[in-house]
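First the structure, in the form of structure tokens, and then the observations on it.
Sequence lines set the chain letters: A, B, ... in the order given, protein chains first and strands last, and positions in each chain run from 1. Source: prediction; values computed, not measured.
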There are 2 protein chains.
Amino acid sequence: MGTVSRVAAKLNTVSPETRHRVEQAMRTLGYVPNIAARTMRTNRTKIVGLLLPDLANTVFLLLAKAAERLLGSEGYTLFLYSSERSPTREIEFLELASRYRMDGLIVSLSDETNQSVVEALSKMECPIVLLDRDTPIRADVVFSEHAEAMQRVTAHLIELGHRRIALITAPLGIRPGRERVLGYRAALRDAGLSIDETLIGHDYQTSKYGFSKALEMLRRPVPPTAVIAGGDEIFYGVLRAARQLNLAIPGDVSIVGADNRMLSDVVTPMITIIDRDMEQVGDTAADMLIRRMNGQGGEPVHVHLPSEVILRNSTAKPRPDLV
Amino acid sequence: MGTVSRVAAKLNTVSPETRHRVEQAMRTLGYVPNIAARTMRTNRTKIVGLLLPDLANTVFLLLAKAAERLLGSEGYTLFLYSSERSPTREIEFLELASRYRMDGLIVSLSDETNQSVVEALSKMECPIVLLDRDTPIRADVVFSEHAEAMQRVTAHLIELGHRRIALITAPLGIRPGRERVLGYRAALRDAGLSIDETLIGHDYQTSKYGFSKALEMLRRPVPPTAVIAGGDEIFYGVLRAARQLNLAIPGDVSIVGADNRMLSDVVTPMITIIDRDMEQVGDTAADMLIRRMNGQGGEPVHVHLPSEVILRNSTAKPRPDLV
DNA sequence: TGCTACAATGATGACGTTTTCATTTTGGGG
DNA sequence: CCCCAAAATGAAAACGTCATCATTGTAGCA
């Protein structure tokens, strides 16, 4: 009977006595509401999909945790999916979201220039919040600030006396990669230094690439005296390369990492990093999405969140004989 | 009409011509099947839930990836959930699984002695595969071997000349904690060494605990010459403690880690670890679950998978003055 | 007491799929 | 050329919930 539904929905159009009776019965019968049936009737699943490039990345986990907390308080369940940086898997995820009729999506693309992904994304029916990507899609976006922090930390290295500073970061196909290169160039330009293009790497966002690129650079006859790693994986790779070459940090080479507080804490010495508050990113994205799922209309909203440079022991003056 | 369903289900009771017509129409109308409706009719969601204690743990991610691959090939979607080692969240997950009518579950409990979790688990209707836990629940289980590998690595340290070997591992409320302590004790016993209970820690499975416990032990007037970390987080903590005290590895203290290949690769020096093939664990669990979901009956199956000791540079003879 | 107004509850249909059953069409053999 | 078997297709019911509408019960007021 419809009354059961009224009890479940906690409406107040049911007498206390009846409510009690129904609740009693639900317990003894082990009644569990059938979400599929509810979904068919209401067209809402109370599921929000979160698409991430990579789950091994602690940065994204902080974000996911924060988003889950906020969405959970509104009765939503978070569905976590990792694309492994594969556009094919990104499209598969969107397919999944359509079929299961998810109520909303938070999406971090692995390549914002990929046409088919962007097209599939723009065809979605549910509200979407994008993470840190420039696309023509009409959707809310949470941007992280990269250029300015990169400019600051590069300037800091220059001030310490570094002249050959390497930057290894994500491809230019995603905004963070582009922005970081921009900030880096700006700092060098401001200092009146020429830019050695061979000291900039932005081919892949993997630990392997960070490793091999850093290795190649640091083995040159005239190696860089500092290496800036943009992004978690590359950071790992750069650290491995430094160790492989038995380079002391910061004695032989200064290193700047990104995001990964856990790793940068455990490595000797503690690493200077560019950090951002991923919980804030998660909270912001979830909040924007909840509003949209509640039917709030209006133009797409763009939020910009700051990054922070945390100076620690991995950056110091270069050895005079290396400069 | 029912024919559409026949086309979607790829049954061969439909003429090629009609099939083509229907597929054409589906494309032009942008038809996406409604899983909720299908679920209501068939009582299957094609969703498998994976409950993990922690997503930051790379060990579990390898497992999840492997399971997802195998389940995906059978048309299942993996729903990932982290309990954050909270029994409350574990029960919430089971609630979720019931409401959404998931087809099967793979579950790693944070405390197998928790009555309400075990009870909730035993009330579930769908097939369940447990990961490495001893419970009275009638379900398939994938066990990892811990005791024997721990015994081997402890014996190795004894052979190198260590006499005060610390073990910091997971609580005895989960099988890996118990088994590791067993193996450790067995090795000491076999060598005829007495066991210093103050060198065994098994209170929490957190980085913080590993850090503070290792710090306390290593600061003693007569500190251990080797520390074995059982589990990922504790491993992190032990490394941080060693760094904080400026202890050289393995000069001042030998260290044995667990599971985390990524971390043990990047830290100087490379760390001796107890390792296991988590992809195999994931594959095995997924395979067992798929069989059950296909209706295969029979007694619960228990599978035991091996662990491996990988000797690297973090274990060496203790300094003579320390022994 | 009798009427109205409102609260509480019962009955019913619709959501989109699958499946079963009935009907129509097709093709082959007598 | 006709009939029957088999293949193809159409029609209809059911899954569990929620929302709408109709009905019953109750209390308040004249």
Rounded to whole Å, the CD1-P distance (B:Ile35 to C:dG16) equals 14 Å
Atom OH of B:Tyr100 and atom P of D:dT17 are separated, to the nearest Å, by 14 Å
Rounded to whole Å, the CZ-C1' distance (B:Arg44 to D:dA14) equals 18 Å
Within a strict 4.5 Å, meaning less than it, do heavy atoms of the A:Tyr76 and A:Leu70 side chains meet?
-> no
note: B:Arg19, atom CZ; D:dA8, atom P; distance rounded to Å ~ 11 Å
For this session: With the side chain counted from C-beta on, respond yes when B:Arg178 and B:Glu112 share a heavy-atom pair under 4.5 Å apart, and no when they do not.
Result: yes
Any B:Arg41 side-chain N or O less than 4.0 Å from OP1/OP2 of D:dA14: no
In whole angstroms, the gap separating P of C:dT17 from CG of B:Asn43 amounts to 17 Å
key: Electrostatic pair A:Glu299:A:Arg138 at N-O distance under 4.0 angstrom   = yes
A:Asn34 CG to D:dA14 C1', in whole Å, measures 13 Å
To the nearest angstrom, the CG-P distance between A:Leu29 and D:dG16 comes to 13 Å
note: B:Arg21, atom CZ; D:dA8, atom C1'; distance rounded to Å ~ 11 Å
Min side-chain heavy-atom separation B:Val142-B:Leu305 under 4.5 Å
yes
B:Ala37 has its side chain closest, among C:dG16, D:dC18, C:dT18, to C:dG16
